[in-house]
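Worksheet: the structure to be examined is printed underneath.
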Amino acid sequence: MAAKITYVDVEVGTELPAQNFTVTRATLVQYAGASGDFNPIHWNEKFATEVGLPDVIAHGMFTMAEAARVVSDWVGDPGAVVEYGVRFTKPVVVPNDDKGALIEVSGKVAAKLDDNRVRVDLVATSGGQKVLGMSRAVVQLA
């Protein structure tokens, strides 16, 4: 695959299409199976509250991956994301209901770099709170 977005077509401030991601308890069980992370804070409400959490929480790496989808979907090639990092600021609390939790992600081009690369800054929130800080990706554009 190759990036669908060209360097000349973006400017600092270019906004990526925002996306919302729903996460339910079933999603967490599926992710645990795929990742091998069966920590009970991600599936056992009793355990999660006993260790001081408000409820079961989503895996941090799951949250990070969902945010990265905004970038990879925008550029059209996951391989074009050459750097990515975040700080985990708040957990995504996932209630035991049919609705689950919503992760809302937006992004914008924050800097044009050398070699047809751009830095994209992301904002990820859930329940009105910022769940990722310093969420940044460097993307190789066409």
Side-chain angles (χ1 to χ4, degrees), residues 1 3-7 9-142:
M1 297 179 85
K4 295 178 184 176
I5 306 294
T6 63
Y7 186 78
D9 289 335
V10 299
E11 298 297 331
V12 171
T14 298
E15 293 189 16
L16 283 61
Q19 293 187 49
N20 296 329
F21 305 97
T22 301
V23 54
T24 64
R25 296 280 177 98
T27 309
L28 298 181
V29 171
Q30 292 167 337
Y31 183 81
S35 69
D37 182 353
F38 293 100
N39 187 323
I41 63 172
H42 303 303
W43 56 270
N44 184 316
E45 187 172 331
K46 181 178 181 294
F47 183 86
T49 57
E50 284 176 354
V51 299
L53 294 168
D55 205 332
V56 165
I57 63 170
H59 303 73
M61 296 301 285
F62 173 83
T63 305
M64 185 178 176
E66 292 292 73
R69 286 176 54 191
V70 169
V71 179
S72 62
D73 288 354
W74 170 70
V75 75
D77 178 8
V81 180
V82 296
E83 292 178 32
Y84 180 52
V86 306
R87 289 191 181 158
F88 301 106
T89 57
K90 297 278 184 188
V92 175
V93 178
V94 182
N96 190 16
D97 60 18
D98 294 335
K99 296 178 187 177
L102 188 65
I103 303 169
E104 300 169 284
V105 184
S106 62
K108 71 170 63 174
V109 174
K112 291 185 83 167
L113 310 172
D114 294 334
D115 299 323
N116 287 2
R117 293 180 177 200
V118 296
R119 189 187 86 217
V120 174
D121 290 354
L122 298 165
V123 175
T125 62
S126 182
Q129 295 189 326
K130 193 172 180 181
V131 295
L132 299 176
M134 299 295 290
S135 184
R136 296 179 173 169
V138 174
V139 184
Q140 180 70 56
L141 299 180

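With rounding to the nearest 0.5 angstrom, the NZ atom of K130 is 10.5 Å from the CZ atom of R87. Atom CE in M61 sits 9.5 Å away from atom OG in S35 (nearest 0.5 Å). Interatomic distance, E83 CD to R136 CZ, rounded to the nearest 0.5 Å: 11.5 Å.
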### side-chain contact (heavy atoms from CB on, under 4.5 Å) between D121 and R119, intermediate numbers included
CA-CA 7 Å; D121 290 354; R119 189 187 86 217; 2.8 Å; yes
### Task
Check step by step if side-chain contact (heavy atoms from CB on, under 4.5 Å) holds for L132 and L122.
CA-CA 8 Å; L132 299 176; L122 298 165; over 6 Å; no
### Task
Go through the steps for E45 and N96 under the test side-chain hydrogen bond (donor to acceptor under 3.5 Å, both in side chains), then give the verdict.
CA-CA 9 Å; E45 187 172 331; N96 190 16; 4.5 Å; no
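At a threshold of 4.5 Å between non-hydrogen side-chain atoms, the residues K90 and S126 do not count as touching. Side-chain contact between H42 and I57: present, with at least one pair of heavy atoms (C-beta onward) separated by less than 4.5 Å.
Of the residues T14, V71, V81, the one that meets the side-chain contact (heavy atoms from CB on, under 4.5 Å) test with V120 is V71.
In plain terms, the two heavy atoms of A3 and A142 that are nearest each other are O-CB, 3.7 Å. Of all the heavy atoms in V118 and V109, the pair that sits closest is CB-CG1, 4.0 Å. The two atoms that bring L102 and T22 nearest to each other are CD1-OG1, 3.8 Å, heavy atoms only. Annotation for T63 and A58: closest pair OG1-CB, 4.0 Å, computed over non-hydrogen atoms. The two residues R117 and Y7 have their closest heavy-atom pair at O-CE1, 3.3 Å. Considering all non-hydrogen atoms of both residues, Y84 and A137 come closest at CD1-CB, 3.9 Å.
Counting only distance, with no hydrogens or angles, the side chain of Q140 and the backbone of G79 share no donor-acceptor pair below 3.5 Å. Formation of a donor-acceptor pair under 3.5 Å by the T49 side chain with backbone atoms of P54 is not found in this model. In this structure, the side chain of N39 engages the main chain of I41 through a donor-acceptor pair within 3.5 Å. Put simply, the side chain of W74 never gets that close to the backbone of P17: no donor and acceptor are under 3.5 Å apart. Under a 3.5 Å cut-off, the side chain of Y31 and the backbone N or O of D37 do not form any donor-acceptor pair. At distances below 3.5 Å, at least one donor-acceptor pair connects side-chain atoms of T24 with backbone N or O atoms of T27.
Residue K112 places its NZ atom among more than 12 non-hydrogen atoms of other residues, nucleotides or ligands, all under 6.0 Å distant. Remark: D97 CG is packed, more than 12 non-hydrogen atoms of other residues, nucleotides or ligands lying under 6.0 Å away.
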